[in-house]
Amino acid sequence: MKRPARVRALFALAVIAASVFIAVTVPVRLGLDLRGGTQIVLETRSTETVEADGEATDRTLEVLRGRVDALGVAEPGIVRSGENRIIVELPGLQDPRQAADVLGRTAQLSVHSVLGTATGTDKPQDKGERVLPDESGERLRLGAAALTGQDVKDAEGLFDQQSGAGWHVTVDFEDGKGWARLTGEAACHPAGDPKRRVAIVLDDKIISSPQVDPSVACGAGITGGSTQITGSFTSDEAKELALLIKGGALPVPVETVEQRTVGPTLGAEAIEASAWAAVVGTALTALFIIVVYRLMGVLATLALLCYGLISYAGLAALGATLTLPGLAGFVLAIGMAVDANVLVFERAREEYGKRNRPSSRSALTAGFKGAFSAIADSNVTTLIAAALLFLLASGPVKGFGVTLGIGVLASMISALVITRVLAEFAVTRRWVYRRPGLTGLASVGRVRAYLTRRDPQLMRRPRRWLAVSALVLAVTGAGIAVRGLNFGVEFTGGRLIEYSTGTTVDPDRAREALADAGFPQAVVQSSGDDKLTVRTEELTNAEAVEVADAIAEVGGGAEKVRDELIGPSLGDELRRNALIALGLALGAQLLYLAVRFRWMFGAGAVAALAHDVVILTGIFAWLGKPIDGVFLAALLTVIGYSVNDSVVVFDRIRELWRKDGKAPLAQVTNRAILQTVPRTVNTGIGVLFILAALAVLGGDSLTDFALALLIGMLVGTYSSVLTASPLAIELDAYAGGGKGDKGGGKRRGRDRGGSGRATSGAGEAADRAGATSRGR
């Protein structure tokens with residue numbers, strides 16, 4: 001074994017060993033959409049005296065951490081996001097009302113002396129005074145705050161078993177002198193006088209205003225720094241009040257801008273459905289590449305299993321959270337990982353067919369060298385889309401970007417290192433050397449043989465393909481203008497709740513019930529057997545309970561399986577970020593392709609990407625499907641997949657043009673397309689198995705995602721060959737290079753931004769092979 005092969009083998013073993021160790025010792029953290037629970041995104045707001053900057057947000061986070069810990073939720077998560085946002089994850093918590101109330105309240109606790117009663121027209125006279133109603137509604141004039149929440153040491157909700165007085169809250173102060181002074185001044189007034197009372201105020205509301213006990217002497221007060229807040233408390237009310245008092249006041253107010261709740265049943269179903277989709281899709285894909293590539297297909301399947309292991313270990317090592325779209329991205333990346341193996345094997349088949357004394361080993365080596373630039377360029381473009389998802393998206397879509405990025409890197413290691421080590425070891429075995437047909441590299445394949453025999457001139461009239469693309473673009477784009485886009489709650493703001501009902505409910509009947517309950521604007525849709533989705537404008541948690549009651553009445557019971565609340569400001573931000581992500585994705589692709597290839601190729605590829613975006617969006621508009629965060633993830637994935645195909649074709653054009661710089665671009669492009677079609681077909685079928693399994697077995701939550709990817713894959717495959725390439729030909733002709741020899745020799749012979757020497761003679765072979773099945 002030569003040194004480079006030895007180095008690759010040792011690297012592959014090290015990566016696999018490290019991946020096995022991480023996979024066994026470090027568990028992957030599941031998102032709330034997979035294990036069930038509630039996620040609340042809070043945004044700090046500035047006041048007249050305090051700015052909601054990073055420092056204030058950090059102080060707020062520490063106060064909230066104490067409140068979250070006191071909720072008793074197992075493995076809660078609370079992290080800062082950006083300058084003024086805090087993300088709170090509460091696994092297992094299905095009713096967000098308590099959490100939202102506890103986390104969102106500012107809990108401004110203060111203790112005041114009572115200056116007397118007030119009429120309805122009385123207003124505070126001195127600075128710091130307040131007029132508030134007490135527990136019974138009587139208005140009291142309060143002095144300036146003598147104590148605040150900062151003076152509170154501890155608070156606890158207790159049940160008085162001895163007196164049977166019920167639940168009360170015991171409050172301990174840091175310094176008992178302030179409490180003693182306040183109660184001592186109140187004790188100087190006679191019993192029954194309002195001035196003998198002390199008012200405890202929480203968030204501008206008097207929660208208790210007790211009389212100082214007659215046994216307390218004037219000026220002495222209550223010593224010891226402890227008091228009790230009594231009232232008609234339930235156990236939950238007493239504990240919640242103690243929690244708020246003990247947690248202290250938030251430095252700045254907070255507002256709930258996003259709230260998501262997912263039932264554990266939906267999460268379990270999603271995991272099971274995605275697992276089955278992964279197993280079935282991977283099995284079908286493996287069977288397909290084994291049939292096509294025989295021994296090389298078996299080795300590629302082993303490399304795919306290693307790919308799955310490396311991806312899982314990468315997620316665990318980075319501490320990434322695996323969300324539902326992320327899980328779908330993991331399944332999808334299995335199909336995309338096939339592409340690199342197919343590129344290598346198809347290139348090796350070409351090399352085998354054009355050698356005078358062919359051998360599987362030499363063909364395989366040439367195949368890896370020839371396919372490297374296409375693999376590198378196509379994966380970099382996908383990484384660009386993944387990076388944009390991570391940087392600009394939020395929530396589950398950000399998790400999808402992380403999973404996709406890890407999957408791309410793992411696929412490169414799998415194809416370029418692990419597959420190569422296994423394949424090179426196999427082809428050097430004597431029993432393999434004597435049976436070259438066993439490798440799957442000694443035959444050109446049916447698709448390549450058919451194309452070689454027919455030799456279709458696809459690029460003879462490139463404008464016809466552009467006319468077809470324009471027609472499809474007009475028909476699908478009309479859906480956006482005629483039907484409009486059904487933006488999901490993520491982009492519009494509002495609340496989306498999905499219920500599982502006891503019986504099947506007609507959406508019109510549910511809509512009437514909600515209108516009678518005071519929600520006439522609610523949009524009701526059926527989302528599967530015995531499931532209803534209700535979308536409204538922003539609702540409070542109390543109003544959400546009324547919606548649930550109305551659905552339960554007509555549905556024979558209703559169990560909430562999903563609940564998403566997006567504030568208007570966050571909806572505008574997500575919609576804006578989505579447009580920025582799309583614009584940057586197209587711009588980044590154009591810049592990268594212009595550097596790696598030539599400007600007309602970059603322009604053609606980006607135009608094809610825009611073509612794919614409009615068609616996919618238009619089809620979803622005609623179907624009335626939601627345009628939400630999951631759709632955005634699918635759309636950016638389609639962009640990456642589409643440019644993969646374009647890069648493979650352009651890479652072959654670049655190679656052929658190096659060999660014959662004077663040939664017309666249309667002729668070179670036609671040859672490049674025919675030589676890369678076998679790879680396109682085989683890769684497309686491999687991805688199709690994965691997506692079909694995801695669509696059929698993935699469940700309701702993944703159906704739209706898989707549908708968008710299926711449409712995008714078909715449209716992207718078409719546009720990369722029959723839109724991007726014809727447009728590049730027309731742009732080249734417009735620039736004065738479309739007449740073969742005229743002015744094209746030197747200009748075409750130099751490859752701007754090329755990636756090294758040509759390592760394959762595919763173009764020469766295509767010219768000299770004629771009607772044979774070798775060399776094309």
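Values reported hereafter were calculated over all heavy atoms of this structure, with side chains retained and with hydrogens, waters and symmetry mates removed. Fair warning: this is a prediction, and the values are worked out from it, not measured in the lab.
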Heavy atoms, side chains only, cut-off 4.5 Å: are Leu309 and Ile16 in contact?
-> yes
Only pairs at least two apart or in different chains count here, so list each salt bridge (Lys or Arg N to Asp or Glu O under 4.0 Å) that has a residue in residues 401-425.
-> Arg8-Glu424, Arg420-Glu424
Looking only at heavy atoms, what is the nearest atom pair of Val417 and Ala12, with distance?
-> CG1-CB, 3.9 Å
Can you tell me how far CG of Leu416 sits from CZ of Phe368, rounded to the nearest 0.5 angstrom?
-> 7.0 Å
Would one find more than 12 heavy atoms of other residues, nucleotides or ligands at under 6.0 Å from atom CZ of Phe288?
-> yes
Under 3.5 Å: donor-acceptor pair, side chain of Ser720, backbone of Thr717 = yes
Is the closest side-chain donor-acceptor distance between Tyr293 and Asn682 under 3.5 Å?
-> yes
Quick one: CD1 on Ile653 to CG on Leu665, what's the gap to the nearest 0.5 Å?
-> 6.0 Å
Under the 3.5 angstrom rule, does the side chain of Arg598 hit a backbone N or O of Ala728 as a donor-acceptor pair?
-> no
Check whether any side-chain heavy atom of Ser19 lies under 4.5 Å from a side-chain heavy atom of Val15, and answer yes or no.
-> yes
Within the side chain of Asp339, is there an N or O that forms a donor-acceptor pair under 3.5 Å with the backbone of Thr683?
-> no
State, with a plain yes or no, whether a side-chain heavy atom of His611 is found less than 4.5 Å away from one of Val715.
-> yes
Distance-minimising heavy-atom pair for Pro436 and Thr439 | O-OG1, 2.7 Å
Between Arg596 and Asp651, is any pair of side-chain heavy atoms under 4.5 Å apart?
-> no
Is the backbone N or O of Trp431 less than 3.5 Å from a side-chain atom of Arg435, with the two atoms forming a donor-acceptor pair by type?
-> yes
Quick check: does any side chain N or O of Arg294 sit under 3.5 Å from a backbone N or O of Gly437, one acting as donor and the other as acceptor?
-> yes
Should Ile673 and Val649 be marked as a side-chain contact (heavy atoms from CB on, under 4.5 Å) after you check the CA-CA gap, both sets of side-chain angles, and the distance that decides it?
-> CA-CA 6 Å; Ile673 290 174; Val649 176; 4.0 Å; yes
CZ of Phe372: more than 12 outside heavy atoms within 6.0 angstrom?
-> no
Steps toward salt bridge (charged side-chain N to carboxylate O under 4.0 Å, His left out) verdict (Glu346, Arg349) = CA-CA 5 Å; Glu346 286 297 326; Arg349 280 180 166 182; 3.5 Å; yes
Is a side-chain donor or acceptor of Ser311 paired with a backbone partner of Gly407 at a separation under 3.5 angstrom?
-> no
Please assess Leu674 against Thr452 for the test side-chain contact (heavy atoms from CB on, under 4.5 Å), listing each intermediate value before the final yes or no.
-> CA-CA 8 Å; Leu674 296 183; Thr452 302; over 6 Å; no
Are side-chain heavy atoms of Leu438 and Met296 found at a separation under 4.5 Å?
-> no
Decide yes or no for Leu451 and Val677: does some side-chain heavy atom of the first lie under 4.5 Å from some side-chain heavy atom of the second?
-> yes
Mind listing the closest non-hydrogen atom pair of Ser469 and Leu722 along with its distance?
-> OG-O, 4.0 Å
Residues Thr419, Val344; criterion side-chain contact (heavy atoms from CB on, under 4.5 Å); working and verdict = CA-CA 10 Å; Thr419 299; Val344 171; over 6 Å; no
Using atom types as modelled and distance alone, determine if a side-chain donor or acceptor of Ser414 lies under 3.5 Å from a backbone N or O of Ala410.
-> no
Between Ser360 and Val427 the two heavy atoms that sit nearest each other are CB-CG1, 4.1 Å
Say you draw a straight line from CG of Leu709 to CG of Leu635; how long is it, rounded to the nearest 0.5 Å?
-> 9.5 Å
Which distance, rounded to the nearest 0.5 Å, do you find between the CZ of Arg6 and the CG of Leu10?
-> 8.0 Å
Go through the steps to decide whether Glu351 and Lys369 satisfy the test salt bridge (charged side-chain N to carboxylate O under 4.0 Å, His left out), and finish with yes or no.
-> CA-CA 11 Å; Glu351 297 297 330; Lys369 290 181 179 179; over 6 Å; no
Measure the CD-CD distance between Gln457 and Gln667 for me, rounded to the nearest 0.5 Å.
-> 8.0 Å
I would like to know whether Ile289 and Asn341 meet side-chain contact (heavy atoms from CB on, under 4.5 Å); could you show each step before the answer?
-> CA-CA 9 Å; Ile289 61 174; Asn341 289 295; over 6 Å; no
For Phe650 and Phe601, the nearest pair of non-hydrogen atoms, with its separation, is CE1-O, 3.3 Å
On a heavy-atom basis, the closest approach of Ala603 and Leu727 is O-CD2, 4.3 Å
Heavy-atom donor-acceptor pair, Arg429 side chain to Phe425 backbone, under 3.5 Å | yes
side-chain contact (heavy atoms from CB on, under 4.5 Å) partners for Ile619, two or more places apart | Thr476, Ile615, Leu623, Ile711
Consider only side-chain N and O atoms of Thr669 and Ser725, and report whether a donor and an acceptor are under 3.5 Å apart.
-> no
So do Leu731 and Trp599 actually touch side chain to side chain, heavy atoms under 4.5 Å?
-> yes
Distance-only, no hydrogens or angles: does the Arg347 side chain make a donor-acceptor pair with backbone N or O of Gly370 under 3.5 Å?
-> yes
Main-chain N/O of Leu458 paired with Trp465 side-chain donor or acceptor, under 3.5 Å = yes
OG1-CG distance between Thr680 and Asp645, expressed to the nearest 0.5 angstrom | 5.0 Å
Quick one: are Phe631 and Leu616 in side-chain contact, heavy atoms under 4.5 Å?
-> yes
